[in-house]
Every structure is written in structure tokens, then in C-alpha cells.
Amino acid sequence: MVALRPWPRKAVANAKGYWARDIFREAHVFFSLYKKPMPIDLPGQPGVMHWTYPLPMRIRGWRNIYTVHDVMPLDPGVPTPVNGLRLRTILDMLRADGGDFVTVSEAAHAQITAAMGWPKDEVIPCHQGVDVAGVEQGTLPSGLKSGGYLLYIGAVEARKNLTGLLEAYRFSGLRTPLVISGPDGLDATYIDALIQATPGAMRLGLQARDTVLQLIANARALILVSLAEGFGVPVVEAMALGTPVLSSNVPALAEIGAGATLQVDPLDPAQLRDGLIAIDSHLSLRDELIARGLQRSRYFELEPYAQRLLKLYGMA
């Protein structure tokens, strides 16, 4: 039997804000038992609570805003380990309980409202911000050389189209190493076997944040040819760090890149191969993408992002 504390849970104030133990786990237990969000009480005056994921909890008496990054688990054509039925139930429950919703791109907004059958004005698009300040130069992992590798950053899973990327890389004939860095995701064992069977490809495990930024900053190009995305943080980080990007042309990545990335159809092996060859081989193309990317990345800096959040909270 699971031991549960009385509800509503009460958080206490300290020098850093509010604090409560183990509420993430308890909220999911509460939802499984009662099919409603776990209530939490905070001291002081009511305010705006922005949950950066649709967690099944709410601050009583406050305006609760939930960021929904995507609804890919609701699409049977997109491989994901997330339980789509549970996600749909949580979202409908939060909406019925008076929650407001924000998402990270216009593409995600269209997908969410269509999949959930909600009016378009019930979800507000608000592009994320990215902070890449403080990247320090140092020794790269596994003896990598600056400008001497192509880089994928993210979970090693089927949705990221790593099988298609590895196939295109094999047929490209490129000698520049393809580095795949990130934690295990869905089908990681199968993808690892493909990496090991692909000359020139190598796998790095989950890296510290500083190392990730250093890998991006020193890559010849970032490669993100996912089958689906809600935003695409590595693309923005690469643009901000002056690294050219090859991405798939799925709606969110096309929107975030806004003409500052080289885009290909992730389901077209020839386009994938040709895109890899182009971004690896043509210095003038990389220089052009770097210039465009730096310009585009200014929109995602923290100050413009803060202004977007202030507008969002004012609306709430």
C-alpha cells in the first residue's frame, strides 16, 4: 500500500520561494486514484503559477498555466514511450479544472488544438528562450577536433529518425565523423547496433550541460532530422553558438529555423544524403547558414523571451 499525505498539500515559503517534498510523485498517484489534479496550498497572496509541463496538480486560488510542448503521444504514427491516453486524460482534466495552456511553437499549437478538439484561442503560442552563455573552451570528448565532426544531440530514439540518418550517412561516403550524443530513448539498443555497424559513426552517452554546449559550438554542423518535434532546442542553441544546422522540414523545425537552416525531407533518403554532403562539403553554405542563424537566434535570447512571458502572464 502506498502511504499518502493528507490533501490539499501545503507548501512552505523559504528564501528561494516555495518548497514541498515529493509532490511530483504524489500528484501522479493522486491523479491515478481520483482522476483530478492534486490541490496545493501556498501561503500569501494569489498569483500566477506556470507549470512548464502538464503535471496533474494545481495551486488553489491561483491562475494555473500549463506548458504543453507537444501531443505526439496522441499520434499512433509517432514512436514515443509516453502513454497517449493518460496524457489526453490529464489535459482534458486540467482544462475542466480551469487551467490555461501555452505551447512552444505555432506548429505545436496547431497540432494540440486539432488533436484535442479545443478552440484555437484556448492555447497560446509562446516560443521558448535559450541561454548559451558561458561556453568554455576545453578538451572535447573522445579526442574530437573542433570543426571536425557532424553532431546529433538528443535522446537516442526512433522519433529522432536516427536510423534514416545513419543510412544516409553510410551512403554519403563522408569521412567526417558523425557523433551521436544523448541518453537512451525508445529503441536505443537497436540504434546502438546500427551506430556500431556504421563506419565513422560514434556514440557518446549523456553529457554534462557544459560539455553539450561545447560539442555544439565546435561541431562542423548540427544534424537534427526528426520525424516530429514540438520546438527543437538544439537547433536554437546551434544557431546561437554559430554552428550551421541541417534539420528536417517538419513544421516546428521549419518554423524555428525560419530560413536559417538547411532543411530536408526526413523520409527521403536521397535528400538526407545530399543534405549531409552539402553541409559537410560547402564552406560557403556553412558560412551563410552561420550568419543567418546568429541573426535568427536573437529572437530566442532571454530578454525577448522574458517579454513574451510577461505578455503571457498579463493575459492570464
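Only heavy atoms go into these numbers, but all of them, side chains included; no hydrogens, no water, no symmetry mates.
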Note to self: Evaluate Ile195 against Ile180 for side chain to side chain contact (heavy atoms under 4.5 Å, CB included), listing each step before the verdict.
What the structure shows: CA-CA 9 Å; Ile195 294 170; Ile180 295 173; 3.8 Å; yes

Can you list, pair by pair, the side-chain donor-acceptor contacts under 3.5 Å of residues 111-120, counting residues two or more places apart and other chains?
unit_1, atom_1, unit_2, atom_2, d
Thr113, OG1, His109, O, 2.9
Thr113, OG1, Ala110, O, 3.3
Trp118, NE1, Asp92, OD1, 3.3

Return a table of donor-acceptor pairs under 3.5 angstrom between the side chains of residues 198-205 and protein atoms on other chains or two or more places apart.
unit_1, atom_1, unit_2, atom_2, d
Thr198, OG1, Arg170, NH1, 2.9
Thr198, OG1, Leu194, O, 2.6
Arg203, NH1, Asp184, OD1, 3.3
Arg203, NH1, Asp192, OD1, 2.7
Arg203, NH1, Asp192, OD2, 3.0
Arg203, NH2, Gly182, O, 2.8
Arg203, NH2, Asp184, OD1, 2.8

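Partners of Glu255 according to the salt bridge (charged side-chain N to carboxylate O under 4.0 Å, His left out) rule, which considers only residues two or more places apart in sequence or in another chain, do not exist here. By the salt bridge (charged side-chain N to carboxylate O under 4.0 Å, His left out) test, Arg209 is found to be paired with Glu237, residues two or more places apart in sequence or in another chain being considered. In terms of the side chain to side chain donor-acceptor pair (under 3.5 Å) criterion, Asn161 has no residue partners (sequence neighbours excluded). Here Phe231 pairs with Phe300 under the ring pair (Phe, Tyr, Trp, His ring centres under 6.0 Å) rule; sequence neighbours left out. By the ring pair (Phe, Tyr, Trp, His ring centres under 6.0 Å) test, His50 is found to be paired with Tyr313, residues two or more places apart in sequence or in another chain being considered. Partners of Gln214 by side-chain contact (heavy atoms from CB on, under 4.5 Å), not counting sequence neighbours, listed by chain and number: Leu140, Asn218. With sequence neighbours excluded, the residues satisfying ring pair (Phe, Tyr, Trp, His ring centres under 6.0 Å) with Tyr299 are His127.
Through chains of ILVMFWY side-chain contacts below 4.5 Å, Leu294 is grouped with Ile290. With side-chain heavy atoms closer than 4.5 Å counting as contact, directly or through intermediates, the hydrophobic cluster containing Trp19 also holds Val12.
Distance CG/Leu174 to CG/Asp280: 4.5 Å, rounded to 0.5 Å. Taking CD1 of Ile256 as the reference point, atom CD of Glu106 lies at 9.5 Å (rounded to 0.5 Å). Taking CZ of Phe31 as the reference point, atom CG of Leu55 lies at 12.0 Å (rounded to 0.5 Å). Atoms CD1 and CZ, from Ile40 and Arg58 in turn, are 10.0 Å apart once rounded to the nearest 0.5 Å. Between atom CH2 of residue Trp62 and atom CG of residue Leu42 there is a gap of 5.0 Å, rounded to the nearest 0.5 Å. Distance CD1/Ile124 to CG/Asp100: 6.5 Å, rounded to 0.5 Å.
Between Val264 and Asp268 the shortest side-chain heavy-atom distance does not fall below 4.5 Å. Residues Pro54 and Leu94 have side chains in contact (heavy-atom distance under 4.5 Å, counting atoms from C-beta outward).
Contacts classified as ring pair (Phe, Tyr, Trp, His ring centres under 6.0 Å) and involving residues 188-228 (residues at least two apart or in different chains) are not found.
The pair Lys160-Glu229 counts as a salt bridge, with a side-chain nitrogen and a carboxylate oxygen less than 4.0 angstrom apart.
When each of Leu150, Leu272, Leu178 is tested with Leu165 by the rule side chain to side chain contact (heavy atoms under 4.5 Å, CB included), just one qualifies, namely Leu178.
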